Asks: 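Structure in structure tokens, see below.
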Number of protein chains: 2
Amino acid sequence: MTSSERPRRRGRPTAPLLSQEKITRAAVELIEIRGYTALTMAALARQLGVAPSALYNHVSSKRQLLLWLQDHVNQEIDCSDFGARPWDAALESWARSYREAYARHALLVPVIAVTPIAGSPHTVAMYEKVAAGLRAGGWPDDQVMDVVVAVESFVLGSALDAAAPDDIFDVPGDQAPVLAAVVGARVGRDTARAAFDLGLATVLAGLRDRLKALGT
Amino acid sequence: MTSSERPRRRGRPTAPLLSQEKITRAAVELIEIRGYTALTMAALARQLGVAPSALYNHVSSKRQLLLWLQDHVNQEIDCSDFGARPWDAALESWARSYREAYARHALLVPVIAVTPIAGSPHTVAMYEKVAAGLRAGGWPDDQVMDVVVAVESFVLGSALDAAAPDDIFDVPGDQAPVLAAVVGARVGRDTARAAFDLGLATVLAGLRDRLKALGT
DNA sequence: GGGCTAAATGAGCGGCATTCATATTGTCTC
DNA sequence: GAGACAATATGAATGCCGCTCATTTAGCCC
């Protein structure tokens with residue numbers, strides 16, 4: 001135990017120990033192993049074999065780190081169907097992939113929802129592809145972003161819901177009999193998934209109708 | 001400056017200075033005046049004219065305080081249309097009211113999304129009313145909560161979106177021409193509101209269709 | 001009136017993000 | 001090659017924050 005610490009060099013190393021790439025990867029690893037509460041600058045530095053203050057030569061703040069993380073997570077979202085399949089099918093697979101990615105990163109949701117995308121290249125590329133797909137599908141320019149944001153709102157809300165415990169609506173039957181009954185009527189299912197599926201199907205059906213109505 | 005401090009008594013006061021009611025009200029005031037980042041236990045104690053440690057005789061943790069806050073905010077949500085109007089009209093006014101309440105309390109969203117409702121009486125009452133309204137509208141028991149959760153997911157996602165800056169999608173036109181074009185096509189509008197309106201109308205239309213289809 | 005309990009105070013703890021002085025080394029310039 | 005400079009590490013220190021604890025005081029009950 002006493003000799004396991006490699007001698008830490010002071011001063012500039014031959015090759016940089018850190019980079020955006022390495023820091024982001026380490027953060028993802030840390031989160032996957034020990035969860036979001038374990039993501040502290042000290043723990044991250046530890047993971048990288050470096051002093052906490054060294055991080056600040058590469059990342060300006062923890063918030064900045066979360067933005068890197070956001071862009072990294074957005075890379076995992078599959079939007080390849082846009083341009084290859086009809087807009088509604090592409091929107092559906094995009095939404096599913098989007099939800100899955102953020103169900104694993106629910107703590108990022110409130111961050112990404114309010115952060116400008118300009119500094120995140122992969123994120124910009126994703127929206128570009130989605131916007132182009134909707135436009136090509138016949139949506140008028142002034143409604144494309146409304147559709148995107150509406151679907152995205154549903155997806156992010158559903159990602160939060162997916163992070164909730166299964167028994168979140170459990171309640172003593174004498175206080176709220178109807179609630180207890182309808183909650184009881186769905187036991188056994190993957191409830192978050194069922195709600196998402198119902199909502200997504202509903203949204204897509206509504207959007208198809210709306211676009212059709214626009215054409216007349 | 002030197003004499004303005006009222007002499008703080010040590011030990012038990014004649015009448016309690018604190019209660020759940022008073023603490024919650026003070027927290028709401030603090031948030032409305034100085035925002036969520038200003039909501040610290042120290043600042044809250046200051047607002048109440050009390051030492052920080054005194055709070056812990058009444059509230060077990062800051063998380064507990066946020067749950068009180070949640071129940072308080074949920075009280076503001078109007079679900080009076082359930083039972084008075086058709087289920088879809090009631091769902092719409094509920095969703096609008098819900099979104100407005102949490103647009104002002106976006107930081108609570110990630111907390112409420114994953115917290116069991118059992119300890120929050122007003123919250124339970126709200127869901128009871130919503131569930132009863134949907135059931136009375138003809139929704140089968142095993143789908144009521146899916147509908148509620150789907151709509152709620154959309155509402156909470158939209159509340160987060162409402163807290164975002166207007167220029168969140170602004171991006172240099174050469175990087176993402178289509179995105180820049182469709183973002184530009186909606187300038188001037190209240191964009192978050194427009195996306196919510198489109199999404200809500202879409203969801204409601206889809207739900208009406210789905211319920212109709214169930215009947216056949 | 002003696003003991004129990006409720007409810008305040010203030011000191012202090014550990015964890016956190018962040019800053020700063022300092023050290024070391026590679027690179028560029030003359 | 002020497003000297004200046006920039007990049008990048010270390011480790012000590014700072015300040016905020018949630019929270020705990022020993023202590024004090026006042027009301028209530030027997």
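FYI, side chains are in, hydrogens and waters are out, and symmetry mates aren't considered; it's all heavy atoms of this structure. Chain letters run A, B, ... following the sequence lines, proteins first, then strands; residues in each count from 1. Every value quoted in this text rests on a predicted model; they were computed, and no experiment measured them.
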Asks: Under the salt bridge (Lys or Arg N to Asp or Glu O under 4.0 Å) rule, what pairs show up with a residue in residues 178-197 of chain B, not counting sequence neighbours?
Replies: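 Applying salt bridge (Lys or Arg N to Asp or Glu O under 4.0 Å) to every pair that reaches into residues 178-197 of chain B, excluding sequence neighbours, yields Asp146(A)-Arg186(B), Asp146(A)-Arg189(B), Arg96(B)-Asp197(B).
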
Asks: Looking at residues at least two apart in the chain, or sitting in another chain, which of them share a salt bridge (Lys or Arg N to Asp or Glu O under 4.0 Å) with Arg104(A)?
Replies: Glu76(A)

Asks: Sequence neighbours excluded and cut-off under 3.5 Å, please list the side-chain donor-acceptor pairs for residues 153-178 of chain A, or say none.
Replies:
residue: Ser153(A); atom: OG; partner: Val149(A); partner atom: O; Å: 2.9
residue: Ser158(A); atom: OG; partner: Phe154(A); partner atom: O; Å: 2.8

Asks: Take Pro52(B) and Pro52(A), find for each the nucleotide of DNA chain D with the closest heavy atom, and name the residue whose nucleotide sits nearer the 5' end.
Replies: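 Upstream on the strand: Pro52(A).
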
Asks: Considering only heavy atoms, which members of residues 30-41 of chain B lie under 4.0 Å from some atom of DNA chain C?
Replies: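 Heavy-atom contacts with DNA chain C come from no residue of residues 30-41 of chain B; none.
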
Asks: With sequence neighbours excluded, give me every salt bridge (Lys or Arg N to Asp or Glu O under 4.0 Å) pair touching residues 54-66 of chain A.
Replies: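 Every candidate salt bridge (Lys or Arg N to Asp or Glu O under 4.0 Å) pair involving residues 54-66 of chain A fails, so no pair, neighbours aside, qualifies.
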
Asks: Answer yes or no: side-chain N or O of Arg10(B) and base N or O of dT24(D) forming a donor-acceptor pair under 3.5 Å.
Replies: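 Answer is no: no donor-acceptor pair is held.
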
Asks: To the nearest Å, how far apart are Leu55(B) CG and dA6(C) P?
Replies: 18 Å

Asks: Quick one, which residues of residues 57-73 of chain A touch DNA chain C with a heavy atom under 4.0 Å?
Replies: Ser61(A), Lys62(A)

Asks: Hey, could you give me each pair passing salt bridge (Lys or Arg N to Asp or Glu O under 4.0 Å) that has a residue in residues 149-159 of chain B? Not counting sequence neighbours.
Replies: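 Matches after skipping sequence neighbours: none remain.
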
Asks: Salt bridge (Lys or Arg N to Asp or Glu O under 4.0 Å) with Glu128(A): which residues, sequence neighbours excluded?
Replies: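 Checked Glu128(A) against salt bridge (Lys or Arg N to Asp or Glu O under 4.0 Å); zero matches.
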
Asks: List for me each residue that meets side-chain contact (heavy atoms from CB on, under 4.5 Å) alongside Tyr36(A), sequence neighbours excluded, and say none if there are none.
Replies: Ile31(A), Leu39(A), Leu69(A), His105(A), Leu107(A), Leu108(A)

Asks: Enumerate all atom pairs, one protein N or O and one N or O from nucleotides 12-14 of chain C, separated by less than 3.5 Å.
Replies:
none

Asks: Without placing hydrogens or testing angles, list every side-chain donor-acceptor pair under 3.5 Å for residues 15-22 of chain B, not counting sequence neighbours.
Replies:
residue: Ser19(B); atom: OG; partner: Lys22(B); partner atom: N; Å: 3.1
residue: Glu21(B); atom: OE2; partner: Arg25(B); partner atom: NE; Å: 2.9
residue: Glu21(B); atom: OE2; partner: Arg25(B); partner atom: NH2; Å: 2.8

Asks: Not counting sequence neighbours, list each pair that qualifies as a ring-ring contact (aromatic ring centres under 6.0 Å, His included) and has a residue in residues 47-74 of chain A.
Replies: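 Pairs touching residues 47-74 of chain A that pass the test: none.
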
